[in-house]
Amino acid sequence: MNSLNLSHRSQLVAAALSASLATATLVHAYHVFTRRIRRKELDEEVRRSISALDSIQGSGSLENLQLDPTKLQTALNYDEELIREQLARNYAFFGEDGMAKIRSGRVVVVGCGGVGSWAAVMLVRSGVSNIRLVDFDYVTLSSLNRHATAILSDVGTPKVICIEKTLKQIAKWVEVDSRIELWKKEDGGYLLEDADWVIDAIDNIQTKVDLLKYCHDNNIKVFSSMGAGTKCDPTRIQISDISYTIYDPLARSVRRRLRLLGVDSGIPVVYSTEVPGDVKLLPLPEEEFQKGAVKELGVFDDFRVRILPVLGPLPAIFGLNIATYILCEMAGKPINNPLPIKNRKKLYERIYRDLLHRESKLAGHQINRLPIDEDDVAFIFEDLYRGRSVVPPHDVPTRPTLIRWDPARPVSTDNLVVFELNDAEKHARALWNSDGSISSSTSPEMLWGAEVKAVVDRRAAEARRIREWIM
């Protein structure tokens, strides 16, 4: 009897489970069906909205280019469920609390070219719901090789409007405040109001420094982009504090100007340690000189930004680095202690001190400063000599040392070579007398041979070419 009751109960449980499973399947199928219908309706509405935006842009009027956020907001029934589905991967990574902070964050992008446009797009794709775009410039044909949103039909329109159109096609809920303005320290503070983060993607050095100084003095978090022009090696791109940047001409100039203003550190930047390759500046048309000072928009003094060779992926990577860093900071999952390039700053400082001590000893008196700095040491060691001794078989030195190749010439990037310490001592004993005077009994080529001299000559020529380009 008990066995029959047990069997009956088992049959009832099995029937109940089957019924529950069937119900769950029906509910799931219903949700899938309704989501499919909603997606289809959404797709059709998005297509109609895009078509309307294109017709607005085709009017050619700047006033007509200003998009109406109210119309876009009411055009689609894009509720919280769809927003969360669109941001599902970000929720999985940052969690509820992190995404709440990101979605409530406010970012101001100053400079909406190759770097700023990519940062803006990825911030919005990742959930940032309030963004202000500040740039006075317009899309040109030459912008199309690097801008994140510009297409051929955007040429002649403000960059901020071009980006705004795309952002609202990506995320219906985003609030975009486009300002066709040039940021100025005298009256630009209102453009940064309520910002959780400011992105500096400005090309002009002085304006960049003014913005960073303003943010520093007013406790506004700011992330700055250094020079992406003339670069091609993505493996040399780094995130670090401005005080740790190495051999980036723009970073060096910004760093030095900030120090004069009392700002030594505390500003995260993206930069590249890559030395400019074998590239030539594009010719500057005569009409550009008629527009005013040619250095007004240049990354380097006396160069307009439009003549700098730029490989499109590099500013994009810079912008993506910025977006990633800010998203992690907003979400409370910061990138702790970004790794400086090869973590060799202390090594460069040590090599510089050793060289300064040697030169003081040869001069017979204390020298307080050399005509090069730690950035130049990094350049010579990493870029010219690839971190290896000039002496065959060109091993990686355990105690790398810089010393003048030609004792008759001064310290310079094209007259310093990398030796292992014992080889540097041998070089010094052979080419200088004990009183610091130059020995007449031998020469560098006699000491090390024609093969080593050929390497030194090639590296010296490379150093001179790069120095002429940068200067």
Side-chain angles (χ1 to χ4, degrees), residues 109-122 133-152 154-160 162-163 166 182 199-208 211 223-239 245 247-254 269-285 287-288 291 294-324 383 465-466 468-471:
V109 182
V110 185
C112 294
V115 175
S117 62
W118 283 97
V121 166
M122 193 48 65
L133 308 172
V134 181
D135 199 315
F136 70 98
D137 207 0
Y138 288 68
V139 176
T140 65
L141 275 173
S142 64
S143 304
L144 302 185
N145 84 315
R146 60 194 181 279
H147 201 272
T149 66
I151 58 176
L152 193 58
D154 292 315
V155 172
T157 63
K159 289 180 179 178
V160 294
C162 171
I163 298 173
T166 298
L182 175 65
I199 294 175
D200 158 40
I202 302 172
D203 293 317
N204 177 261
I205 295 178
Q206 189 55 56
T207 307
K208 178 182 288 286
L211 176 63
F223 193 109
S224 182
S225 172
M226 297 293 111
T230 75
K231 308 296 177 66
C232 69
D233 185 354
T235 68
R236 304 297 291 269
I237 296 172
Q238 297 283 309
I239 291 177
T245 52
Y247 218 79
D248 179 318
L250 177 59
R252 176 190 289 185
S253 180
V254 171
V269 302
V270 58
Y271 77 106
S272 171
T273 63
E274 179 186 359
V275 176
D278 188 14
V279 295
K280 298 183 183 298
L281 294 176
L282 303 179
L284 186 63
E287 55 265 26
E288 292 298 333
K291 296 178 181 178
V294 294
K295 67 181 181 179
E296 180 183 349
L297 301 177
V299 172
F300 305 113
D301 289 343
D302 302 321
F303 293 124
R304 280 191 185 275
V305 103
R306 59 177 54 87
I307 68 167
L308 282 176
V310 180
L311 184 62
L314 269 293
I317 297 172
F318 272 49
L320 298 180
N321 270 266
I322 295 172
T324 303
D383 294 281
R465 175 181 58 78
I466 292 170
E468 289 170 3
W469 197 98
I470 293 175
M471 298 305 178

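Since the model is a prediction, treat every value here as computed from it, not as a measurement.
With values rounded to the nearest 0.5 angstrom, Leu211 atom CG is found 4.5 Å from Ile202 atom CD1. Here Leu250 contributes atom CG and Thr230 contributes atom OG1; the two are 10.5 Å apart, rounded to the nearest 0.5 Å.
A donor-acceptor distance shorter than 3.5 angstrom exists from the side chain of Thr324 to the backbone of Leu320, with no hydrogens or angles considered.
Residues Pro309 and Leu311 fail the side-chain proximity criterion, which asks for heavy atoms closer than 4.5 Å. Under the 4.5 Å side-chain criterion, counting only non-hydrogen atoms from C-beta, Met122 is not in contact with Ile322.
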With a cut-off of 3.5 Å and sequence neighbours excluded, list every side-chain donor-acceptor pair involving residues 112-120.
residue : atom : partner : partner atom : Å
Ser117  : OG   : Gly113  : O            : 2.6
Ser117  : OG   : Ala148  : N            : 3.0
Trp118  : NE1  : Arg146  : O            : 2.8

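Evaluation of the ring pair (Phe, Tyr, Trp, His ring centres under 6.0 Å) rule for Phe318 yields no partner, not counting sequence neighbours. Applying the side chain to side chain donor-acceptor pair (under 3.5 Å) test to Asp383 and every residue at least two apart in sequence or in another chain returns Arg236. Listed by chain and residue number, nothing satisfies the side chain to side chain donor-acceptor pair (under 3.5 Å) test with Asn145 (two or more places apart in sequence, or in another chain). Take Ser143 and apply the side chain to side chain contact (heavy atoms under 4.5 Å, CB included) test, not counting sequence neighbours, and it matches Val139, Thr140, Lys159. Under the side chain to side chain donor-acceptor pair (under 3.5 Å) criterion, Ser224 pairs with Asp200, sequence neighbours left out.
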(message) Show, in sequence, the C-alpha distance, side-chain angles and deciding distance for Ser272 and Met226, and conclude whether the side-chain contact (heavy atoms from CB on, under 4.5 Å) test is met.
(response) CA-CA 8 Å; Ser272 171; Met226 297 293 111; over 6 Å; no
(request) For side-chain contact (heavy atoms from CB on, under 4.5 Å), just list the numbers for His147 and Asp154, CA-CA rounded to whole Å, side-chain angles, deciding distance to a tenth of an Å, and then say yes or no. (result) CA-CA 11 Å; His147 201 272; Asp154 292 315; over 6 Å; no
(message) One pair to check against side-chain contact (heavy atoms from CB on, under 4.5 Å): Leu141 and Leu152. What are the steps and the verdict?
(response) CA-CA 7 Å; Leu141 275 173; Leu152 193 58; 3.6 Å; yes
(request) Before giving the answer on side-chain contact (heavy atoms from CB on, under 4.5 Å), spell out for Phe223 and Ile239 the whole-Å C-alpha distance, their side-chain angles and the decisive distance to 0.1 Å. (result) CA-CA 10 Å; Phe223 193 109; Ile239 291 177; 4.2 Å; yes
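In terms of heavy-atom proximity, Ile205 sits nearest to Val254 at CG2-CG2, 4.4 Å. Contact record, Val270 with Ile237: CG2-CG2, 3.7 Å, taken as the closest heavy-atom pair. When all heavy atoms are compared, the tightest approach of Cys162 to Ala150 is SG-CA, 3.4 Å. Contact record, Gly229 with Val310: CA-CG2, 4.0 Å, taken as the closest heavy-atom pair.
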